[in-house]
2 protein chains.
Amino acid sequence: MESRCENCIVRQFNSLRAMSKDELKQVSDSKTTKKVKKGEPLFEEGEKLNGVFCVRDGVSKLSKLSANGKDQIVKLATKGEVLGQRSVIAEECTNLSAIAVNDMEVCFIPKESINNTLQKNPNFTLEVLRHMAHDLKEADDVIVNMSQKTVKQRIAEAFLYLKNNFGEDDEGFLALTLSREDISNVVGTATESAIRIISEFKKKGLIHTSGKKVGIKNERKLVELVEGF
Amino acid sequence: MESRCENCIVRQFNSLRAMSKDELKQVSDSKTTKKVKKGEPLFEEGEKLNGVFCVRDGVSKLSKLSANGKDQIVKLATKGEVLGQRSVIAEECTNLSAIAVNDMEVCFIPKESINNTLQKNPNFTLEVLRHMAHDLKEADDVIVNMSQKTVKQRIAEAFLYLKNNFGEDDEGFLALTLSREDISNVVGTATESAIRIISEFKKKGLIHTSGKKVGIKNERKLVELVEGF
DNA sequence: AAAAAGAACTGATAAATGTCATATTTTTAA
DNA sequence: TTAAAAATATGACATTTATCAGTTCTTTTT
């Protein structure tokens with residue numbers, strides 16, 4: 001298993017690629033690699049982070065507990081994404097919990113390495129900024145979806161999102177399998193409602209399922225549904 | 001009317017304060033000041049921006065058109081805030097429209113001045129980054145509210161937000177008056193639903209109204225409502 | 001392999017929210 | 001100032017979504 005950041009492919013996908021050789025070396029020397037089992041937290045809402053997590057493998061859900069006791073999943077982070085940036089940059093506690101959706105491998109990078117580079121390497125800072133600008137745009141889109149689309153549309157959209165971002169396995173099921181509860185927490189609805197709508201999609205031939213696995217059968221119709229037909 | 005950025009008080013509230021004297025001078029020399037009447041757009045969703053807008057006076061709503069034809073207001077920006085940053089930084093079209101909620105005075109700063117400083121002044125970049133990190137956190141909170149709170153709770157929260165961020169006039173009405181439609185677009189509901197709930201709040205003595213003006217009468221109860229009693 | 005625990009699912013019903021129609025008030029413009 | 005237009009308000013009703021109760025299926029543990 002490759003363990004030097006300099007050679008890590010994952011880096012291609014995130015802001016670390018804007019680091020200089022020396023900076024990268026420092027990061028590599030100070031980082032620690034960690035395995036996180038499915039269901040375990042990388043960090044919890046309200047924690048103070050001493051660094052960021054770079055996802056090497058697996059998927060993490062970023063969620064926030066609402067007043068009514070339900071988790072709202074705000075984002076799914078996968079290979080190459082850096083978690084905890086926002087909190088380290090703003091020097092605040094995290095506003096979100098990060099929990100492994102499946103077994104993960106992550107690198108922990110102490111905040112000193114990050115802050116150091118942020119102050120010295122404008123290219124890196126700009127790259128991080130661009131990334132955050134992108135995240136902000138996505139968050140705006142989520143806000144609009146949440147408030148203007150029906151639960152049915154949001155679930156359809158979630159399946160399309162999962163297909164586009166995580167792909168399918170050889171049997172045609174979505175490569176990332178979420179529990180019904182997780183799905184309901186992504187779209188912000190009651191678990192029963194999500195289950196009911198998934199059953200309905202199945203009956204209508206939009207998807208097929210096997211246990212908790214879901215496969216997309218009629219993508220076109222799902223797209224139409226999302227767009228409001 | 002003061003017209004040099006160097007002396008503009010508004011600057012205290014935004015990232016421009018991290019600019020050097022020279023940089024600020026350049027900005028000041030290249031900027032143009034503009035009045036925007038209530039209801040007029042600063043820019044529209046999908047436009048390519050050649051710079052950012054610094055709000056000197058008035059309030060702008062940042063909104064996005066949803067597939068069902070309704071505007072979703074994502075943020076209200078007031079004195080000191082810089083609009084269009086995200087789009088200029090990511091070099092993308094805007095994802096939001098900015099429309100004046102009341103008469104505004106804004107400065108337009110060409111993107112060259114911004115980009116120039118972003119590349120040369122890490123402090124400025126970092127300051128912008130911090131700002132964006134903050135915006136992102138707020139956006140996450142909005143997502144959770146939108147998906148986990150009832151319309152009633154969201155309207156109560158909107159009133160409290162308006163009070164905390166824009167204050168009250170001498171008669172005890174919220175200083176920023178939004179139309180019922182704007183309120184419904186902030187909380188993501190049908191205008192009729194918003195009106196109905198506002199009437200209900202009035203009947204229960206939580207607020208008082210006069211025309212479209214709204215005043216908070218029982219803040220405590222509103223807070224309780226938001227928190228789920 | 002059996003028992004226990006946890007997901008997934010279904011039905012019945014209540015509550016929340018949207019839609020459409022229409023009346024009233026307020027604002028705008030002629 | 002008056003007519004027209006736009007915004008606010010309310011009722012009736014349809015639709016969507018949540019809640020609660022219970023069943024079946026899966027997975028985990030012993």
Side-chain angles (χ1 to χ4, degrees), chain A residues 37-39 66-72 101-103 145-156 158 173-174 177-204 207-215 225-226 228-229, chain B residues 37-40 66-72 101-103 145-158 173-174 177-204 207-215 225-226 228-229:
Chain A
K37 285 242 177 71
K38 175 177 173 171
S66 72
N68 66 42
K70 286 203 62 169
D71 264 325
Q72 174 64 37
V101 171
N102 44 35
D103 290 351
N145 283 340
M146 283 298 176
S147 41
Q148 303 284 358
K149 291 193 172 146
T150 64
V151 173
K152 219 173 277 186
Q153 290 176 309
R154 280 179 272 156
I155 290 185
F173 290 109
L174 294 170
T177 301
L178 294 177
S179 70
R180 300 297 192 250
E181 192 182 358
D182 277 343
I183 293 176
S184 76
N185 288 343
V186 166
V187 303
T189 193
T191 308
E192 297 96 321
S193 299
I195 289 174
R196 235 180 279 276
I197 289 169
I198 291 170
S199 301
E200 190 193 321
F201 283 1
K202 198 171 156 183
K203 256 181 223 141
K204 289 191 180 160
I207 60 173
H208 54 114
T209 69
S210 164
K212 53 173 59 179
K213 284 189 287 181
V214 173
L225 206 164
V226 171
F229 294 100
Chain B
K37 284 242 177 69
K38 175 177 174 174
E40 285 178 359
S66 73
N68 65 43
K70 286 204 62 169
D71 264 325
Q72 175 64 36
V101 171
N102 44 34
D103 290 350
N145 283 338
M146 282 298 178
S147 41
Q148 302 284 358
K149 291 195 172 144
T150 64
V151 174
K152 218 174 279 187
Q153 290 176 310
R154 281 179 271 153
I155 290 184
E157 194 159 48
F173 290 109
L174 293 171
T177 302
L178 294 177
S179 70
R180 302 295 192 251
E181 191 181 0
D182 277 343
I183 293 175
S184 77
N185 288 344
V186 166
V187 302
T189 192
T191 308
E192 297 95 320
S193 298
I195 289 174
R196 233 181 279 276
I197 288 170
I198 292 170
S199 301
E200 190 192 322
F201 283 2
K202 197 171 154 185
K203 256 180 223 141
K204 289 191 180 161
I207 60 173
H208 54 115
T209 68
S210 163
K212 53 173 57 180
K213 284 189 288 181
V214 173
L225 206 164
V226 171
F229 293 100

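Chain naming here is simple, since letters A, B, ... match the order of the sequence lines and numbering starts at 1 in each.
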B:Lys212, nearest nucleotide to its side chain (from C:dT17, C:dC9, D:dT8)
D:dT8
Any idea which of C:dC9, C:dT19, D:dT17 is nearest the B:Glu192 side chain?
C:dT19
May I have the distance from B:Ile207 (atom CD1) to D:dT8 (atom P), rounded to whole angstrom?
13 Å
Any side-chain heavy atom of B:Glu157 sitting closer than 4.5 Å to one from B:Lys152?
no
N/O (side chain, A:Arg180) to phosphate O (OP1/OP2, C:dC9) under 4.0 Å:
yes
Quickly work out the B:Lys149 NZ to D:dA18 P distance and round it to whole Å.
16 Å
Of A:Glu181 and A:Ser147, the one whose closest DNA chain C nucleotide lies more 5':
A:Glu181
Given C:dA12, D:dA9, C:dC9, the nucleotide with the shortest approach to the side chain of A:Ser199
C:dC9
In terms of side-chain heavy atoms, does B:Thr191 have a donor or acceptor partner in B:Glu181 at a distance below 3.5 Å?
no
Rounded interatomic separation in angstrom, taking NZ from A:Lys213 and P from D:dT26:
12 Å
Per atom distances to the B:Ser179 side chain, the nearest of D:dA12, D:dT8, C:dA8 is D:dT8
Specify the separation, in whole Å, of atom CD1 of A:Ile195 and atom P of D:dT19.
14 Å
Minimum side-chain heavy-atom gap A:Thr209-A:Phe173 below 4.5 Å
no
Pair B:Arg196 + B:Glu200: basic N to acidic O under 4.0 Å:
no
Do B:Arg196 side-chain and C:dG18 base share a donor-acceptor contact under 3.5 Å?
no
If the cut-off is 4.0 Å, is B:Thr189 near the phosphate of C:dG18, judged by side-chain N/O to OP1 or OP2?
yes
Within this structure, what is the CG-to-P distance between B:Asn68 and C:dT17, rounded to whole angstrom?
16 Å
Provide, to the nearest angstrom, the distance between the CG atom belonging to B:Leu178 and the P atom belonging to D:dA7.
14 Å
Which is more 5' along DNA chain D, the nucleotide nearest A:Lys152 or the one nearest A:Gly211? Just name the residue.
A:Lys152
Between P of D:dA9 and CD1 of B:Ile197, the distance in whole Å
13 Å
Just the rounded figure in Å: distance from C1' of C:dT10 to CD of A:Glu200.
14 Å
Counting side-chain heavy atoms from CB outward, which of C:dT17, D:dT17, D:dT10 is closest to B:Val151?
C:dT17
Side chain of A:Ser66, backbone of A:Lys70: donor and acceptor closer than 3.5 Å?
yes
